[in-house]
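Have a look at the structure below, then the notes.
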Amino acid sequence: MLQGPIVILTGAGVSQESGLDTFRCEGGVWSRYDLEDVATPQGYQRNPVLVQDFYNARRRQLEDEAVRPNPAHLALARLERDWPAPVLVVTQNIDDLHERAGSRAVLHMHGELRKGRCEACGRVLNWPGDMTVDSRCPACGRNGLVRPHVVWFGEVPLEMERIFQALDTCALFLSIGTSGNVYPAAGFVAHVRERGVAPTVELNLEPSNGASLFHQTLYGPAGTLVPRFVEALLRGDDLGSV
Ligand code: BJW
């Protein structure tokens, strides 16, 4: 029977049924915006107003009543509560739906929409509302140097040391709702497999770029698949029978 710590990588697909767009699916964020414009430091330098507006709109979307944790987020929170060893969610998502569902051990490797960061003093700030190119840092008082606390292409993702420590000691690795296009997250499955100890499972709507690297793959909407999978894990079912 499976025992020990679990690491769960999540991506935009886990929040799709909560009403948030994925990036690379049909009609996704990158079909409406050029990622070079809104998700690179160079794009921000060129047109900070466009980038602030992009993140302001997404931040406001989190306030929408319809945007709430779906059964996949809730099942992962339940797993953390009921599993007898640590369960860590490593999310590429910048929304707060895992926390709202009740997950406590969550690392946001690509940052958080409801936070800002001052480029003058480096302080990470809670930022629930709109941010502008003139916003004042409440910590150091400087104007115009607060940016969204998100990780753009070419920037180093957050919490990498803790993430690799967890990957190096996990007994099970799950990847949920991510297309496997973006590194270093896309490389986690290969990293875990190198150790040759922990089973790796992909739960996604369709095969990701790295699908062949997983021991097991399950396809369907996360809101249906994840609760079923968590239920089976907690019952102690053999993974292969899920
Ligand atoms: C469902 C579903 C449902 C739908 N149920 N499933 C060449 C080779 C290798 C690497 C590089 C390279 N050139 C450059 C790089 C590095 C680069 C990179 O990976 N580029 C690739 C595009 C090639 N990476 C970086 O620059 C990163 N930094 C870095 O590498 O630093 C170096 C370093 C690393 C480590 C240590 C030291 C140094 C930074 C990456 C930053 C990514 N930022 C973004 C935007 C910011 C946040 C935001 O605005 O939200 O993060 S990009 C965007 O993609 C966002 C996401 O987090 C990320 C991943 O997307 P995700 O989650 O996979 O979404 P989708 O849409 O792609 O997929 C959704 C999936 O869900 C699909 O498969 C659907 O089928 C599925 N799905 N509905 C279940 N209901």
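Both counts, for ligands and for their atoms, begin at 1 and track the order of listing. All residue numbers refer to positions in the sequence shown, counting from 1. Quick caveat: nothing in here was measured; it's all calculated off a predicted structure.
- Taking a distance limit of 4.0 Å, we find that atom 46 (C) of ligand 1 is approached by some protein heavy atom.
- Any N or O atom pair closer than 3.5 Å counts here, and R58 shares at least one such pair with ligand 1.
- In E155, the part holding a heavy atom less than 4.0 Å from any atom of ligand 1 is the backbone.
- The pair R46-D37 meets the salt-bridge criterion, since a charged nitrogen lies less than 4.0 angstrom from a carboxylate oxygen.
- Within ligand 1, the atoms closer than 4.0 Å to a non-hydrogen atom of V182 are 19 (O), 40 (C), 42 (C), 54 (O), 58 (C), 59 (C), numbered from 1 in the order shown.
- Among the atoms of A222, some N or O lies under 3.5 angstrom from an N or O of ligand 1.
- Checked by distance only, ligand 1 and V150 stay at 3.5 Å or farther apart across all their nitrogen or oxygen atoms.
- For atom 13 (N) of ligand 1, no protein heavy-atom neighbour is found at a distance under 4.0 Å.
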Output a table of donor-acceptor pairs, distance under 3.5 Å, between side-chain atoms of residues 170-179 and any protein atom two or more places apart or on a different chain; print 'none' if there are none.
from, atom 1, to, atom 2, distance (Å)
T178, OG1, Q92, NE2, 3.0
S179, OG, N181, ND2, 2.8

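- Between T132 and Q52 there is no side-chain heavy-atom pair separated by less than 4.5 Å.
- Protein heavy atoms are found less than 4.0 angstrom from atom 76 (C) of ligand 1.
- Inside a 4.0 Å radius of atom 7 (C) of ligand 1 there is not any protein heavy atom.
- Taking all atoms of both residues into account, the shortest heavy-atom contact from V67 to L20 is CG1-CD2, 3.9 Å.
- Remark: ligand 1 and F153 share no N or O pair separated by less than 3.5 Å (distance only, no angle test).
- Looking only at heavy atoms of the protein, atom 43 (N) of ligand 1 is closest to V151 O, 3.0 Å.
- Sorted by first and then second residue, the salt bridge (charged side-chain N to carboxylate O under 4.0 Å, His left out) pairs involving residues 102-118 (not counting sequence neighbours) are E63-R114, D96-R114, E112-K115.
- When distances from atom 25 (C) of ligand 1 to the protein are checked, a heavy atom turns up under 4.0 Å.
- When T40, V29, V51, T22 are ranked by how near their heavy atoms come to atom 4 (C) of ligand 1, first place goes to T22.
- With atom 34 (C) of ligand 1 as the reference point, the heavy atom nearest to it among P157, G111, G13, G28 is part of P157.
- With A12, A186, A72 as candidates, the residue nearest to atom 62 (O) of ligand 1 on a non-hydrogen basis is A12.
- Closest to atom 37 (C) of ligand 1 by heavy atom, among L113, V156, V226, is V156.
- Where the criterion is an N or O separation shorter than 3.5 Å, residue side chain and backbone included, M160 fails it with respect to ligand 1.
- With a 4.0 Å cut-off on non-hydrogen atoms, Q16 touches ligand 1 through its side chain and not its backbone.
- Of all atoms in ligand 1, numbered sequentially from 1 with element shown, those under 4.0 Å from a heavy atom of E17 are 3 (C), 5 (N), 80 (N).
- When only interatomic distances are considered, the shortest N/O to N/O separation between S179 and ligand 1 falls below 3.5 Å.
- Looking at L88, L79, V89 one by one, the single match for side chain to side chain contact (heavy atoms under 4.5 Å, CB included) with I6 turns out to be L79.
- Considering all non-hydrogen atoms of both residues, P69 and S18 come closest at C-OG, 3.9 Å.
- If you check which protein heavy atom lies closest to atom 30 (O) of ligand 1, you get Y183 O, 3.7 Å.
- Nearest to atom 23 (C) of ligand 1 among the protein's heavy atoms is N181 O, 4.0 Å.
- Residue-ligand proximity, G177 to ligand 1, at heavy-atom distances under 4.0 Å covers atoms 6 (N), 69 (C), 70 (C), 71 (O).
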